[in-house]
Structures are given as C-alpha cells and as structure tokens.
Amino acid sequence: MLGLLIRTPTTVMTLGFTFLFPLVFASNIMVDPGTMPDWLRAFVEVNPVSLMTTALRGLMGGGATLSQVVLALIAPVALTAILAPTTLWLYLRR
C-alpha cells in the first residue's frame, strides 16, 4: 500500500522501517519482559512481534500451546484483511 501512495522507493523503505523499528525493539526477542517496567511490559505483551516470537520459541522447543499459535496468527490475518482490499482499491483507482 505504501508503494502506491509514495513515489520514491527510499521513502517507502524509510517509512516502513519507522513503523517496524519500535515493534521489533519493544518486544521479547532480546529481553525478558519480566525485567521491564510495567508500562513497557504491557505493550510488549500485546506486540505482534512478541506474540510471534513466543509462538515460534514454543514450536521449536515443543512447548507451544494452541492459544500462542492463534494469537501469533491474528495480527497477520487482521493486517491482510485490512490492507489487501485497501491496496486493491488504490491500485484500481490509478
């Protein structure tokens, strides 16, 4: 969708990174959320990157629950449900 709204590839890449940067670094990839302040832990626990990381760790370690996998898949499904029709509409409008 960004590619249809913005003209230069560099700007698209910069905007994409601007949105992904806080999601990746405010997640449980590198740091245990138990060591974080309460306000940050609340964000980390609902962060889609954290949900995906938890599910993948569980799947690779053999301890994943169905709820972890379902929670990890909600964000991509929701983003696709929202962005796919929007992108198609923008494309057809051009």
Discussion item. Testing the basics here: between Leu2 and Leu15, what is the closest heavy-atom pair and its distance to 0.1 Å?
Written reply: CD1-CB, 4.4 Å

Fill in: Partners passing salt bridge (Lys or Arg N to Asp or Glu O under 4.0 Å) against Arg41 (at least two apart in sequence or in another chain)
Asp38

Worksheet, complete the sentence: Rounding to 0.5 Å, atoms CG (Asn47) and CG (Leu23) come to a distance of 5.0 Å

Worksheet item: Any chain of hydrophobic side-chain contacts (each under 4.5 Å) joining Phe25 to Leu40?
Response: yes

Worksheet item: Under 4.5 Å between any side-chain heavy atoms of Met36 and Phe43, yes or no?
Response: no

Discussion item. Just verifying a value: how many Å separate Leu92 CG and Arg94 CZ, rounded to the nearest 0.5 Å?
Written reply: 12.0 Å

Item to complete: Would you indicate whether the side-chain heavy atoms of Val12 and Pro9 approach each other to under 4.5 Å?
Response: no

Worksheet item: So how far is it from Leu20 CG to Met13 CE, rounded to the nearest 0.5 Å?
Response: 12.5 Å

Worksheet item: If two hydrophobic side chains count as joined below 4.5 Å and joins carry through other members, does Leu79 share a cluster with Phe17?
Response: no

Worksheet item: With distance as the sole criterion, is a donor-acceptor pair present between the side chains of Thr8 and Thr10 under 3.5 Å?
Response: no

Discussion item. With clusters defined by side-chain heavy atoms of hydrophobic residues (ILVMFWY) lying less than 4.5 Å apart, directly or transitively, does Val77 cluster with Leu83?
Written reply: no

Worksheet item: Is Trp89 reachable from Ile6 through a run of hydrophobic residues whose side-chain heavy atoms are each under 4.5 Å from the next?
Response: yes

Worksheet item: To the nearest 0.5 Å, how far apart are CG in Leu5 and OG1 in Thr87?
Response: 8.0 Å

Discussion item. Quick check: closest heavy atoms across Ala72 and Ala55, and the distance to 0.1 Å?
Written reply: CB-CB, 3.6 Å

Item to complete: Measure across Val44 and Pro33 and return the closest heavy-atom pair with its distance rounded to 0.1 Å.
Response: CG1-CG, 3.9 Å

Item to complete: Look up atom OG1 in Thr53 and atom CD1 in Ile29, then write down how far apart they are to the nearest 0.5 Å.
Response: 4.0 Å

Discussion item. Hydrophobic clusters here meaning ILVMFWY residues chained together by side-chain heavy-atom distances under 4.5 Å, can you tell me if Met30 and Phe21 are in one?
Written reply: yes

Discussion item. For Gln68 and Thr65: C-alpha separation, side-chain torsions, deciding distance, then whether side-chain contact (heavy atoms from CB on, under 4.5 Å) applies.
Written reply: CA-CA 5 Å; Gln68 289 174 334; Thr65 64; 3.2 Å; yes

Response to the item:
Interatomic distance, CG@Asn28 vs CE@Met52, rounded to 0.5 Å, equals 12.0 Å

